[in-house]
Amino acid sequence: MGLLLAAPLAADIPPASGSPSPSAAAAAAAPSPADQLQEIIVQTSEPRFVAPTRRDRIGRIWAPVLIDGKGPYRLVLDTGANRSAITTRTALSLGEYPPADGAHTLVTGFTGAAMVPTVHVDKVEVGDLLMGATDLPVLQDVFGGAQGVLGIEGLANKRIYADFTHDKLVISQSHGERARMGFTVVPLREVHGGLLVADVRVGNVRAKAIIDTGAQGTVGNLALREALMRRPPRNAAHQDIIGVTLDVQTGDDIALPDIDFGHLNVQGVHVVFGDMYLFQHWKMTDEPTLTLGMDLLGSFDILIIDYNRHELQIRPREAPGPIS
């Protein structure tokens, strides 16, 4: 997605399936809030916490989040956002909107920046993640049915386990678990205050790849496009990207060569290339760079992001063998 407050943030969130009511989500979990969010396992015909990428749907990772003991609210897990944020309707349900002190903050999204209201909350929790008092930006409902985004603050030393086959999401403390049999390990490093970046090869071009679970699609900067081709194909489709600030930018939708993660090769990825606002903000316009969105990340069977080990652990869909 894309949300930045005096720091970095990333791509955009697409249409997702309908969001369950807080009461329905609460009924699916254990009674007490402490037990309720320790491990969430939900198996239904309609994914409630993780949705795989399919031909008719972009994958999503939805985290059931308690805010000041209320909820859980369905927030999109966004590893490309340095701050969490909520929608106006969520802020109203918390009884914190409009803010009495008129507090505002500057939010930088993938396509632009804007001043937005903030509301103060005392506690945000999901699984082993517990954040204390913080000010949450309040944004228009551009999250496709979700009630906000859960950003990377508080994810240090955490392990995100998303099982797209069994609709399971676990956010837990990382204990340095090594990848199991059948998984590919992609080393990561942190830049810009917590963004996770992998070194990849796109065709014959070396590039930085930002892991962005909040982004609907994969987006590349112009430096990557120019390294791959002198000019876009004449028949390249144009695609609009709408950021959290509601600014719109247009890019060229182009099929990429294979993306090589070392021992993992991904084929058939389409990328929207453009001179996006956030690439400029990050000062990532000169070196080939792309953000890996859920069109790619949601195509795997299991996705593990370990902030302690600085690793992406991936099990492709075709890999056999049960994983608990």
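One-based numbering along the sequence shown.
When hydrophobic clusters are built by joining Ile, Leu, Val, Met, Phe, Trp and Tyr residues whose side-chain heavy atoms come closer than 4.5 Å, directly or via intermediates, L130 is not grouped with I171. Linking Ile, Leu, Val, Met, Phe, Trp and Tyr whenever their side-chain heavy atoms come within less than 4.5 Å leaves V272 and L222 in two separate clusters. By the rule that hydrophobic residues join a cluster once side-chain heavy atoms approach within less than 4.5 Å of another member, F261 and V205 end up as members of one cluster. Linking Ile, Leu, Val, Met, Phe, Trp and Tyr whenever their side-chain heavy atoms come within less than 4.5 Å puts V138 and L92 in one cluster. If you chain together hydrophobic residues whose side chains sit under 4.5 Å apart, V186 and L292 fall into the same group.
Between Y307 and N157 there is no side-chain heavy-atom pair separated by less than 4.5 Å. Looking at V149 and L75, their side chains never come closer than 4.5 Å, going by heavy atoms from C-beta outward. In this structure, the side chains of K70 and L94 come closer than 4.5 Å at one or more pairs of heavy atoms. Between V107 and M115 there is no side-chain heavy-atom pair separated by less than 4.5 Å. The side-chain heavy atoms of I211 and I305, taken from C-beta on, include a pair separated by under 4.5 Å. Counting heavy atoms from C-beta on, the side chains of T88 and Y97 come closer than 4.5 Å. D306 places none of its side-chain heavy atoms less than 4.5 Å from the side chain of H175. The side-chain heavy atoms of L312 and L303, taken from C-beta on, include a pair separated by under 4.5 Å.
Of the possible donor and acceptor atoms, none in the side chain of E311 sits under 3.5 Å from a partner among the backbone N and O of L188. Judged by distance alone, the side chain of T218 and the main-chain N or O of V271 form no donor-acceptor pair under 3.5 Å. Between the side chain of H104 and the backbone N or O of G102, at least one donor-acceptor pair lies under 3.5 Å. Between the side chain of R83 and the backbone N or O of D135, at least one donor-acceptor pair lies under 3.5 Å. Between the side chain of S84 and the main chain of G151, a donor-acceptor pair closer than 3.5 Å is present. Remark: the backbone N or O of T90 is not paired with any side-chain donor or acceptor of Q147 at under 3.5 angstrom. Not a single donor-acceptor pair under 3.5 Å links the side chain of E226 to the backbone N or O of L224. In terms of modelled atom types and a separation under 3.5 Å, the side chain of D258 and the main chain of N265 share no donor-acceptor contact.
Crowding of H238 atom NE2: a count of heavy atoms from other residues, nucleotides or ligands under 6.0 Å not exceeding 12. No more than 12 heavy atoms of other residues, nucleotides or ligands shown are found within 6.0 angstrom of CG on N204.
The CD1 atom of I254 lies 8.5 Å from the CG atom of L228; values are rounded to the nearest 0.5 Å. S174 OG to K158 NZ: the interatomic distance, rounded to the nearest 0.5 Å, is 9.5 Å. Put simply, OH on Y73 and CD1 on I86 are 8.0 Å apart, with the number rounded to the nearest 0.5 Å.
Considering every non-hydrogen atom in both A113 and Y277, the closest pair reads CB-OH, 3.6 Å. Closest heavy-atom contact between P137 and T105: CG-CG2, 4.2 Å. Taking every heavy atom of both residues into account, F164 and F300 meet most closely at CD1-O, 3.5 Å.
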Determine, step by step, whether M294 and R60 satisfy the side chain to side chain contact (heavy atoms under 4.5 Å, CB included) criterion, reporting the C-alpha distance in whole Å, the side-chain angles of both residues, the deciding distance to 0.1 Å, and the verdict.
CA-CA 7 Å; M294 289 305 295; R60 285 277 134 242; 3.8 Å; yes
Check the pair F49 / I61 against side chain to side chain contact (heavy atoms under 4.5 Å, CB included), numbers first and verdict last.
CA-CA 6 Å; F49 296 110; I61 300 177; over 6 Å; no
Assess the residue pair D199 and R189 against the criterion (salt bridge (charged side-chain N to carboxylate O under 4.0 Å, His left out)); give the C-alpha distance rounded to whole Å, side-chain angles, the decisive distance to 0.1 Å, and a yes or no.
CA-CA 9 Å; D199 292 318; R189 66 182 187 277; 2.8 Å; yes
Does the pair I304 and I160 meet the rule for a side chain to side chain contact (heavy atoms under 4.5 Å, CB included), with working shown?
CA-CA 5 Å; I304 298 172; I160 298 167; over 6 Å; no
Apply the test side chain to side chain contact (heavy atoms under 4.5 Å, CB included) to residues R309 and R178: give CA-CA distance (whole Å), side-chain angles for both, the deciding distance (0.1 Å), then the verdict.
CA-CA 9 Å; R309 292 183 61 87; R178 293 180 179 272; 3.9 Å; yes
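With respect to K123 and D68, no salt bridge is recorded, no charged nitrogen being found less than 4.0 Å from a carboxylate O.
Neither side chain, N221 nor T285, offers a donor N or O lying under 3.5 Å from an acceptor on the other.
Ring geometry, F279 versus W282: the interplanar angle exceeds 60°, so the pair is classed perpendicular (tilted spans 30 to 60°).
Both cation-pi conditions hold for K168 and Y161: the charged atom is under 6.0 angstrom from the six-membered ring centre and inside a 45 degree cone around its axis.
Among L264, V266, D301, the one residue that satisfies the side chain to side chain contact (heavy atoms under 4.5 Å, CB included) test with P316 is L264. Applying the side chain to side chain contact (heavy atoms under 4.5 Å, CB included) test between L290 and each of D212, L256, V269, I210 identifies L256 as the sole match.
Pairs engaging residues 276-289 under the salt bridge (charged side-chain N to carboxylate O under 4.0 Å, His left out) rule: K208-E287 [sequence neighbours left out].
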